[in-house]
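The structure appears right after this line, and notes come after that.
Proteins come first, then strands; the chains are lettered A, B, ... in the order of their sequence lines, and each starts at number 1.
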There are 2 protein chains.
Amino acid sequence: MFCHVAPRPRNAEATRAAILAAARERFARESYDDVGMRDIAGDVGVDAALVSRYFGSKEELFLTVLDSCANGRDLMDGERADFGRRVARDVIFEGGGEGKLKKLLIMLRSIGSAKAMELVQRTGSESFFDPFAAWIGGEDGAVRARLAAATIMGMAVSREITAGFGLTPAECERLADRMALILQNIIDN
Amino acid sequence: MFCHVAPRPRNAEATRAAILAAARERFARESYDDVGMRDIAGDVGVDAALVSRYFGSKEELFLTVLDSCANGRDLMDGERADFGRRVARDVIFEGGGEGKLKKLLIMLRSIGSAKAMELVQRTGSESFFDPFAAWIGGEDGAVRARLAAATIMGMAVSREITAGFGLTPAECERLADRMALILQNIIDN
DNA sequence: TGGCTTTGTCATCACCCGTTGACAAGCGAA
DNA sequence: TTCGCTTGTCAACGGGTGATGACAAAGCCA
């Protein structure tokens with residue numbers, strides 16, 4: 001019995017897109033340093049050399065991934081009055097990786113690598129914080145954007161370094177409720 | 001003219017302590033992966049091999065550093081009514097590295113390395129979150145401890161990935177005020 | 001002074017990483 | 001079919017890492 005893996009069709013554009021998508025998932029879940037070119041290539045079923053060739057270098061790939069992510073504005077579609085609750089539940093119960101928080105997660109993980117952080121610093125402000133601040137609007141929009149982003153990222157960190165908070169499900173519910181309140185309050189005034 | 005660096009006196013105990021201190025500073029400011037044995041050794045003026053010999057391995061050194069840090073309780077000496085303001089200003093204006101937040105910073109940076117995170121997960125709860133929760137006390141102490149820690153870590157992350165928030169000094173003041181309020185509110189009820 | 005233990009250094013190893021250029025395979029056009 | 005371009009693979013390189021064991025130097029004790 002011969003088992004063949006279905007070979008990837010020869011299609012540069014599709015392959016490039018698949019690599020980009022795989023890289024986005026990786027970078028959202030592991031730090032820049034922990035993600036290897038060989039890992040990404042393996043996810044797609046391709047040789048690592050191809051990744052280098054299509055994207056030039058790991059740094060350029062990382063930047064392309066950042067660009068490809070939903071930017072700050074997409075965090076906020078949906079009811080504004082529901083923002084706190086929505087985001088709190090996403091980050092606490094899902095880890096944020098599925099939704100619009102992906103870019104925030106990737107930025108967060110950049111503190112693990114001096115190289116990645118420099119890249120994030122260059123692009124993070126205009127692509128994330130500025131639109132976010134504009135959406136929040138009002139007095140001190142920029143300040144409140146930093147505050148909200150910090151709250152979200154902090155909870156994401158806390159979730160990971162305690163392996164799911166180490167709380168009971170009921171406590172997680174109350175954690176989500178409290179966080180929702182805080183976030184909504186930041187947004188509202 | 002001969003310029004000699006004062007040679008470190010031959011004293012195993014003092015050298016070991018110096019290495020530990022240097023490692024603590026490094027790990028509080030850079031991620032586990034970015035800190036090299038040669039960096040730490042260089043700070044002390046010693047060969048990298050000595051670090052390995054005194055602490056066994058990088059992992060063991062990291063664990064020893066975590067132990068050597070002020071634990072959760074030390075975060076909270078000082079007026080309880082002043083907690084929010086004190087911590088907010090420390091993290092926003094100083095980056096937290098000088099004070100009692102060092103352990104939190106090190107834990108935070110562990111998200112940059114799968115290896116470091118596993119170590120932090122094993123020791124973080126009983127050495128940090130549990131005492132912190134006990135100090136907070138009252139209903140939902142554990143939940144509120146996670147919330148406060150997340151707020152602090154998030155602000156530390158935000159500060160770094162935006163290279164000092166990118167805010168005016170006046171805005172930073174208002175950021176600190178708002179954060180102080182939130183933190184204090186978490187502590188109080 | 002001579003010898004022994006402690007303290008520190010040096011050269012080196014094996015490993016993993018991103019990257020590169022040479023090569024193979026697919027596939028459409030002539 | 002045969003040529004030629006595109007798409008993908010392979011083996012290798014240079015650089016950096018943590019770790020190791022042999023060696024040098026310093027201090028102490030007799």
Spacing of [X] atom [atom1] relative to [N] atom [atom2], expressed in whole Å:
X	N	atom1	atom2	value
B:Leu50	D:dC23	CG	C1'	15 Å
B:Asp47	D:dA25	CG	C1'	14 Å
B:Asp33	D:dG16	CG	P	16 Å
A:Leu61	C:dT19	CG	P	9 Å

The side chain of [X] lies closest to which of these nucleotides: [options]?
X	options	result
A:Thr15	D:dG8, C:dT20, D:dC10	D:dG8
A:Ala49	D:dT20, C:dG21, D:dT7	C:dG21
B:Met37	D:dC10, D:dA19, C:dT9	D:dA19
A:Lys58	C:dT19, D:dT20, D:dT7	C:dT19
A:Arg53	D:dT17, D:dG8, C:dT19	D:dG8
A:Arg10	C:dG26, D:dG27, C:dT19	C:dG26

Report task. Is it possible for you to say whether A:Leu104 and A:Phe93 belong to one hydrophobic cluster, with membership spreading through side-chain heavy-atom contacts below 4.5 Å? Result ->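 They do share one cluster, since a chain of ILVMFWY contacts under 4.5 Å joins A:Leu104 to A:Phe93.
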Query raised in the report: When all nucleic acid strands are considered with a 4.0 Å heavy-atom cut-off, which category describes B:Val44: base, sugar-phosphate, or nothing?
Result: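 Nothing, no heavy atom under 4.0 Å.
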Report task. Select base, sugar-phosphate, or nothing to describe what B:Val46 touches, counting heavy atoms under 4.0 Å on all strands. Result ->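 Here B:Val46 touches the backbone only, sparing every base.
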Requested in this report: Please test B:Ser68 against B:Arg24 for side chain to side chain donor-acceptor pair (under 3.5 Å), starting from the C-alpha separation and ending with a verdict.
Outcome: CA-CA 8 Å; B:Ser68 81; B:Arg24 186 166 44 235; 2.5 Å; yes
Query raised in the report: How about B:Arg29: does its CZ atom have over 12 heavy atoms from other parts shown lying under 6.0 Å from it?
Result: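 More than 12 heavy atoms, drawn from other residues, nucleotides or ligands, come within 6.0 Å of this atom.
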Query raised in the report: Hey, which of these two, B:Gly36 or A:Gly45, hits DNA chain D nearer its 5' end, going by closest nucleotide?
Result: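 Counting from the 5' end, the first nearest nucleotide belongs to A:Gly45.
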Query raised in the report: What orientation do B:Phe62 and B:Tyr32 show, parallel under 30°, tilted 30 to 60°, or perpendicular over 60°?
Result: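 Correct class here is perpendicular.
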Query raised in the report: Quick one: is B:Tyr54 getting a side-chain N or O under 4.0 Å of the C:dG8 phosphate, OP1 or OP2?
Result: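 B:Tyr54 to C:dG8 OP1/OP2: side-chain N or O found under 4.0 Å.
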